[in-house]
Amino acid sequence: MIAEIIVDVQNSQVDKVFDYNIPSSFDFLKIGYRVVVPFGNRKIEGYIIGIKNSTDCPPDKLKSIISVCDEYPLILPEIVELIKFMKDKLYLRLIDGIRLAIPSQVKKSDYKFVSFVTLNDENLEDYLKTLNKRNQNIPKIIECLRQNGKVEVGFLNSKYGNANVKKLINSGILSIQKNKINRLKISDKSQNKVELTSLQKTCVKDILKSTDKPIVLYGVTGSGKTEVYMNVIDKVLSQGKTALMLVPEISLTPQMVRVFSDRFGTSIAVLHSALSVGEKHDEWLRIYSNDAKIVIGARSAIFAPLSNIGVIIIDEEHDSSYLSDSNPRYFTQDIAVFRAKYNKCPLVLGSATPSIETFYKTQTHEYNLTQMPVRVNQKPMPKIEIVDMCNEFRHGNNTILSLRLLEKLDETIKNNNQAILFINRRGFSSYLMCRECSYIPKCTECDANLVYHKDENVLKCHYCGKKFKVLTKCPQCGSNSIKLGATGTQQIVELIHEHFPKVSVFRLDNDSVKNKSSYSEILSKFGSTKPSILVGTQMVTKGHDFPKVTLVGIVDADISLFNYSYKANETTFQLVTQVSGRAGRSDQAGEVVLQTYVPKNPVYLTSANYDYKKFYDKEINLRETTKFPPFAKIVRVLLTSEDDNLVKNATHKLIIKLKDLRVNYGDKFFFLEAMKAPVNKIKNKHRYQVVLRFNNSIESEVIQKIYDVLDNLKNNKLSVFVELNPNSLS
């Protein structure tokens, strides 16, 4: 028998399937096993993705598998098919797909064991007679075991002394055993189910019968989507199947885990990149071995080794974090669609503000649609008040906080309530600039402005994380006139302290969340402190439910509106709607103050009324007129290398080859340009890009031709990535 094997080498030039002979001693091997094979002069690991009876490889060149790494196949047959799909559709190397599916931690037998002891009653009475009566700890150890049955050795050592425990073990009075334990602790609570509203019951039924195509759950913030998800999962589990639940950010995972563990206990497992090495190892194996029936996690959890999946749920499906913008690059929804088809199960895309492309598919009947247009408690959505910051400036207020927002904050504090302030920019100031010569300091390794962080008193690169000393004098002209740029979260916190010195202010952004527990700690402290104010970036916009939050302030709504992206309007509408939904979720009504320099912009007028349908109608007409997705496909080919000339020449060759496509397809080809990437260098790698936009009708032909051209550009010193409909071109 012949095994088709992908070798574990991250090199585009060897990203192909190699044939190896399966020795008779390994006749048990099947698809998914990890093995060691000879490769050139080395012995390396590889993965079996196929088995066949014959090969075209000459007998004298056909090598044999040397050894088998594991007792079981690491890759499920479903995941093998998924990896092949990703190579064809997303131009990912086969080994990239395997590394996404199998975290490196899983390859090691890194189990954690804890020693327990039990009491051996045989000869116990005779032994007690021989004891020195002055040693009172040994009888206490025995009594402890009589009461508890099994006790951890470490506990007994710390309380009664290592020597006493060891003496009892050596005497045969205590029997010792090692138990494998999971390093991630999940509570084993069980709560009664909540009675669903009629709307929620309808949505559950719609979802369960939507096995032929994905279904969009469109429900306003506070409509009870999570309860619908849990009821669907409950039904699926009763059928002996499993469930996969995705949230957009790692920071939201602990909160969702808490809600789900209260309902489903230890049948849930958690997967995301912030887990420790040991935790990820344990959780992956719990899922693989079917000990866990529900997987909750961020984007990477879509590759969880679940079998017999009964439902896949993507919460906040519109969120940009579901699109991986670093290698390997993929769109989570593409993977989810594949897995849902493979398992013939529903794929649920939930959101209060579905992406334009997703909602368009419900209108063309490619996707099903189910809706919850009102909050579960029948409370109205918070009133959004738009404040014109140009008026503020004309009346002498040149700060970032409007008088109206300060007035509402004062009122909130006096009523012993809470407020959330949202600004989508972390740090104290987005840049420093010399007033004399306009010099702005940039990172030495990235083509990016440095951001000022006041708490550390450093300039920081948000691409590579490198830190620099703060400027006191311009290095270009010698001037001392250094100006702070646009405001960030740290500066907002400082301003709030100036206006309300006695109020507790918390900050939630990537800088304040230093580890996996700090996110929960910040929210827990905020939730238990009244009055208080939470200042944050996108982390504060979704998933939170604080009954005492009655005010939301959107400090600078225009940040996302004027982004260089065809999705700028959509992103702004989504952010405004999502963060506004954090207010008024309990008995008290909520209010929102939205600060902008363009108060009559249609995006703000529709979001102030929570009118998604009206916004969608305007935006879909604009997209159709300008030929942007969903009426066209955008492809970005990003080329990077430490050698600027190498990547520049490769980009030049690529654009020459692709120009033939534009000629061949005529008016179906809308755009083709080669250029430096807006951020021209990251971590000392020069970046160029080719951007194409064309009619959907020629998508498969054009993308395949792009891939064929790229195959001829392969080089060890050059990295090439392909993105379909990217969120950003930076």
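Owing to the predicted nature of the structure, the values given are computational and were not obtained by experimental measurement. Quick note: numbers below take in every heavy atom, side chains included, and nothing from hydrogens, waters or symmetry partners.
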Check: Going by an N to O cut-off under 4.0 Å, is there a salt bridge joining K567 and E619?
Finding: no
d(T489 OG1, I492 CD1) to nearest 0.5 Å is 8.5 Å
Inset, instruction - Determine yes or no for a side-chain-to-main-chain donor-acceptor pair under 3.5 angstrom, with T577 supplying the side chain and Q574 the backbone. - result: no
How about F526 and F546: are their ring centroids closer than 6.0 Å? yes
Between the CG atom in L217 and the CG atom in N368, the distance rounded to the nearest 0.5 Å is 12.5 Å
Side-chain heavy-atom pair L508, V535 within 4.5 angstrom cut-off:
no
From the list E316, M372, Q200, side-chain contact (heavy atoms from CB on, under 4.5 Å) with K225 holds only for M372
- Task: Please examine the side chains of F260 and T226, heavy atoms only from C-beta on, and report whether any two atoms are closer than 4.5 Å.
- Result: yes
Residues A304 and R339: closest non-hydrogen pair is O-NH1, 2.8 Å
Item to check | pair I559-I423: side-chain heavy atoms closer than 4.5 Å | outcome: yes
Side-chain donor/acceptor of E283 to backbone N/O of A269, under 3.5 Å: no
- Message: Can you tell me if K341 has over 12 outside heavy atoms packed within less than 6.0 Å of its NZ?
- Response: no
Q. For V348 and V311, what are the C-alpha separation, side-chain angles and deciding distance, and is it a side chain to side chain contact (heavy atoms under 4.5 Å, CB included)?
A. CA-CA 8 Å; V348 185; V311 67; 4.0 Å; yes
Between P531 and V503 the two heavy atoms that sit nearest each other are O-CG1, 4.1 Å
Nearest heavy-atom approach of E317 to S355 is OE2-N, 2.8 Å
Look at the side chain of S607 and the backbone N and O of V576, then say whether any donor-acceptor pair between them is shorter than 3.5 Å.
no
- [ ] For K235, look at atom NZ and say whether over 12 heavy atoms of other residues, nucleotides or ligands are found less than 6.0 Å away.
- [x] no
Here the gap from T537 atom OG1 to N424 atom CG, rounded to the nearest 0.5 Å, amounts to 6.5 Å
I309 and L306 have their tightest heavy-atom pair at CG1-CB, 3.8 Å
Would a 4.5 Å heavy-atom cut-off, applied to side chains only, mark L421 and L405 as touching? yes
The reported gap from CZ in F303 to CD1 in I335 (rounded to nearest 0.5 angstrom) is 4.5 Å
Given 3.5 Å as the limit, does a donor-acceptor pair link the side chain of N569 with the main chain of L561, or not? no
* Can you check side chain to side chain contact (heavy atoms under 4.5 Å, CB included) on T242 and N290, steps first, answer last? -> CA-CA 9 Å; T242 60; N290 212 25; 3.9 Å; yes
query: So, N417 side chain and I413 main chain: donor-acceptor pair closer than 3.5 Å or not?
result: no
Main-chain N/O of Y322 paired to R299 side chain as donor or acceptor, under 3.5 Å = no
So T596 and D388, side chain to side chain contact (heavy atoms under 4.5 Å, CB included) or not? Walk me through it. CA-CA 6 Å; T596 173; D388 185 349; over 6 Å; no
* To do: Using the side-chain hydrogen bond (donor to acceptor under 3.5 Å, both in side chains) rule, take S560 and T571 through it: C-alpha gap first, then chi angles, then the decisive distance, then the call.
  => CA-CA 7 Å; S560 56; T571 301; over 6 Å; no
Interatomic distance, CG@L403 vs NE2@H395, rounded to 0.5 Å, equals 9.5 Å
Check: Charged N to carboxylate O below 4.0 Å: is that the case for D410 and K408?
Finding: no
Do Q578 and T353 get their side chains close enough for a donor-acceptor pair, meaning under 3.5 Å? yes
### Task
Test salt bridge (Lys or Arg N to Asp or Glu O under 4.0 Å) on D611 and K613 and set out the steps.
CA-CA 6 Å; D611 196 341; K613 298 290 181 62; over 6 Å; no
Can you check whether V592 reaches L551 side chain to side chain, under 4.5 Å on heavy atoms? no
- Is a side-chain N or O of E385 found less than 3.5 angstrom from the main chain of L594, in a donor-acceptor match? no
- Query: Going through the distances and angles, do Q595 and D556 end up as a side chain to side chain contact (heavy atoms under 4.5 Å, CB included)?
  - Reply: CA-CA 6 Å; Q595 299 184 164; D556 188 350; over 6 Å; no
Taken to the nearest 0.5 Å, the spacing of K293 NZ from R286 CZ works out to 10.5 Å
Under 4.0 Å between a Lys/Arg side-chain N and an Asp/Glu carboxylate O for E411 and K414? no
Any side-chain heavy atom of F422 within less than 4.5 Å of one from L534?
no
Give me the ring orientation class for Y612 and F359: parallel if the planes are under 30° apart, tilted from 30 to 60°, perpendicular past 60°. perpendicular
Within-4.5 Å side-chain heavy-atom neighbours: M256 and M245 | yes
Heavy-atom nearest pair, L196 first then E227, reads CD2-CG, 3.4 Å
Of all heavy-atom pairs linking P599 and L605, the shortest is O-CD2, 3.9 Å
- prompt: So, does Y610 use its side chain to make a donor-acceptor pair with the main chain of G581 at under 3.5 Å?
  reply: no
Report task. Would you check if M389 and S402 make a side-chain contact, meaning some heavy-atom pair closer than 4.5 Å? Result -> yes
task: Taking E591 for its side chain and K383 for its backbone only, find out whether a donor-acceptor pair lies under 3.5 Å.
output: no
Could you check whether any side-chain N or O of N343 sits under 3.5 Å from a backbone N or O of C345, counting only pairs where one atom can act as donor and the other as acceptor?
no
